[in-house]
Trainee: 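Below is a structure I'd like to ask you about.
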Amino acid sequence: MLDLQLSIQIEDPFAGQVSDSWLRRVASDTLTTAGVASRVELGLVIAGDSTIRELNRTYRGIDNTTDVLAFALSESPAGQDQPFILPPDDILHLGEIMISHPQATVQANSAQHPLERELALLMAHGILHLLGYDHQRPEDELEMRAMEARALEAIDPK
């Protein structure tokens with residue numbers, strides 16, 4: 001059974017615009033959809049473009065803002081046959097997800113869906129990266145997009 005420890009930090013201009021309980025549900029549903037059934041710890045930061053741009057420049061060498069960044073504490077390939085090896089405290093420490101609220105807003109408007117759906121998509125995308133999913137090769141992108149779609153369906157069945 002999933003036991004999620006989610007640390008949420010929302011920068012001041014965006015505080016109060018997103019419910020912590022909803023963010024916890026998005027994380028929980030995404031992890032459950034991905035087959036994670038253990039004690040999990042991860043962090044989420046909802047920030048402005050300047051914070052995201054600085055992190056993107058510092059850690060990826062790209063001097064632009066982006067919608068989501070994921071900083072994994074360990075690299076594990078998705079779809080591996082072995083389960084995660086838990087550290088001595090039996091908690092799977094995944095890492096941090098950073099989401100640009102302004103970029104999420106632009107993308108939600110462009111896709112003509114609610115901001116909450118865009119934030120859910122970005123959060124699911126970040127969590128999947130932390131679990132080892134990637135989209136560098138076309139076949140990996142198809143697998144990751146399919147998992148995102150299943151996670152979104154679990155979060156907001158229509």
Side-chain angles (χ1 to χ4, degrees), residues 4-34 36 40-80 84 87 91-152 154-156:
L4 176 62
Q5 296 175 15
L6 176 63
S7 170
I8 300 170
Q9 181 180 359
I10 302 175
E11 287 187 352
D12 282 338
F14 316 111
Q17 295 183 25
V18 182
S19 160
D20 282 10
S21 62
W22 181 80
L23 292 169
R24 288 180 197 290
R25 185 172 148 240
V26 170
S28 179
D29 287 353
T30 301
L31 289 162
T32 299
T33 299
V36 177
V40 177
E41 176 184 78
L42 69 106
L44 169 68
V45 177
I46 306 230
D49 281 341
S50 61
T51 299
I52 300 298
R53 182 177 184 165
E54 180 180 331
L55 291 167
N56 205 21
R57 179 177 53 243
T58 301
Y59 295 102
R60 296 182 64 223
I62 300 171
D63 192 14
N64 288 320
T65 192
T66 189
D67 52 4
V68 61
L69 294 169
F71 297 98
L73 290 179
S74 65
E75 294 295 324
S76 298
Q80 66 183 8
F84 284 103
I91 299 174
L92 178 58
H93 303 277
L94 287 179
E96 295 278 329
I97 300 166
M98 313 289 291
I99 295 175
S100 166
H101 191 282
Q103 289 300 308
T105 301
V106 166
Q107 291 170 194
N109 290 338
S110 177
Q112 298 180 342
H113 59 232
L115 175 60
E116 291 77 18
R117 180 166 176 81
E118 188 66 26
L119 289 170
L121 174 62
L122 295 174
M123 193 166 173
H125 187 87
I127 289 171
L128 292 174
H129 272 305
L130 295 180
L131 292 172
Y133 287 84
D134 207 345
H135 45 79
Q136 295 301 314
R137 299 179 317 178
E139 60 271 19
D140 294 337
E141 182 173 9
L142 286 174
E143 181 182 13
M144 187 169 185
R145 299 298 179 205
M147 184 63 76
E148 286 173 358
R150 288 195 298 275
L152 286 175
I155 294 160
D156 188 22

Trainee: For Ala120 versus Ile155, what's the shortest heavy-atom pair and its separation?
Mentor: CB-CD1, 4.4 Å
Trainee: Report the residues that fulfil side chain to side chain contact (heavy atoms under 4.5 Å, CB included) with Ala104, sequence neighbours left out, ordered by chain and then residue number.
Mentor: Leu115, Glu118, Leu119, Leu122
Trainee: To the nearest 0.5 Å, what is the distance between CZ on Arg150 and OG1 on Thr33?
Mentor: 8.0 Å
Trainee: Measure across Asp134 and Gln136 and return the closest heavy-atom pair with its distance rounded to 0.1 Å.
Mentor: OD2-CG, 3.5 Å
Trainee: My understanding is that only residues two or more places apart in sequence, or in another chain, count here; which of them pass side chain to side chain contact (heavy atoms under 4.5 Å, CB included) with Glu116?
Mentor: Trp22, Pro114
Trainee: Quick one: pull up CZ in Arg53 and CG in Asn56 and give me the separation to the nearest 0.5 Å.
Mentor: 9.5 Å
Trainee: Given side chains that start at C-beta, do those of Leu42 and Glu96 come closer than 4.5 Å, heavy atoms only?
Mentor: no
Trainee: Quick one: do Arg145 and Glu141 make a salt bridge, cutoff under 4.0 Å?
Mentor: yes
Trainee: Could you check if a side-chain atom of Leu92 sits within less than 4.5 angstrom of a side-chain atom of Leu94, using non-hydrogen atoms only?
Mentor: yes
Trainee: Report yes if some heavy atom in the side chain of Glu148 is under 4.5 Å from a heavy atom in the side chain of Met144; otherwise report no.
Mentor: yes
Trainee: What's the shortest heavy-atom distance between Gly95 and Leu130, and which atoms?
Mentor: C-CD1, 4.1 Å
Trainee: Output all residues satisfying ring-ring contact (aromatic ring centres under 6.0 Å, His included) with His125, sequence neighbours left out; order by chain, then residue number.
Mentor: His129, His135
Trainee: Taking the side chain as everything from C-beta on, heavy atoms only, tell me whether Ile10 gets closer than 4.5 Å to Asp20.
Mentor: yes
Trainee: Heavy-atom distance under 4.5 Å between the side chains of Thr66 and Ile52, does that happen here?
Mentor: yes
Trainee: Would a 4.5 Å heavy-atom cut-off, applied to side chains only, mark Thr51 and Glu11 as touching?
Mentor: yes
Trainee: I want to check something: taking the side chain as every heavy atom from C-beta on, are Val68 and Ile97 in contact at a cut-off of under 4.5 Å?
Mentor: yes
Trainee: How long is the span from the CG atom in Leu121 to the NE2 atom in His113, to the nearest 0.5 Å?
Mentor: 6.5 Å
Trainee: Leu44 and Gln9: side chain to side chain contact (heavy atoms under 4.5 Å, CB included), yes or no, with the steps?
Mentor: CA-CA 6 Å; Leu44 169 68; Gln9 181 180 359; over 6 Å; no
Trainee: What closest approach, in Å, do Ile46 and His101 show between heavy atoms, and which atom pair accounts for it?
Mentor: CG2-CB, 3.8 Å
Trainee: Would a distance-only check, ignoring hydrogens and angles, find a side-chain to backbone donor-acceptor pair under 3.5 Å from Thr30 to Val26?
Mentor: yes
Trainee: Please report the shortest heavy-atom distance between Ala70 and Gly126, naming the atom on each side.
Mentor: CB-O, 3.7 Å
Trainee: Once rounded to the nearest 0.5 Å, what's the spacing between atom CE of Met98 and atom CG of Leu55?
Mentor: 4.5 Å
Trainee: Working to the nearest 0.5 angstrom, can you tell me the gap between Tyr133 OH and Met147 CE?
Mentor: 3.0 Å
Trainee: Give a yes or no on whether the backbone of Arg24 and the side-chain of Ser28 come within a donor-acceptor separation of less than 3.5 Å.
Mentor: no
Trainee: Looking only at side chains, do Ser100 and Asp49 share a donor and an acceptor under 3.5 Å apart?
Mentor: yes
Trainee: Can you list the steps and then say if Val40 with Gln5 is a side chain to side chain contact (heavy atoms under 4.5 Å, CB included)?
Mentor: CA-CA 6 Å; Val40 177; Gln5 296 175 15; over 6 Å; no
Trainee: Closest approach of Gly48 and Pro102, non-hydrogen atoms and distance?
Mentor: CA-CD, 4.0 Å
Trainee: Between Leu131 and Leu31, is there a side-chain heavy-atom distance shorter than 4.5 Å?
Mentor: yes
Trainee: Please check if atom CG in Asp12 has more than 12 non-hydrogen atoms from other residues, nucleotides or ligands closer than 6.0 Å.
Mentor: no
Trainee: Is any NZ, NE, NH1 or NH2 atom of the basic residue among Arg25 and Asp29 found under 4.0 Å from an Asp or Glu carboxylate oxygen of the other?
Mentor: yes
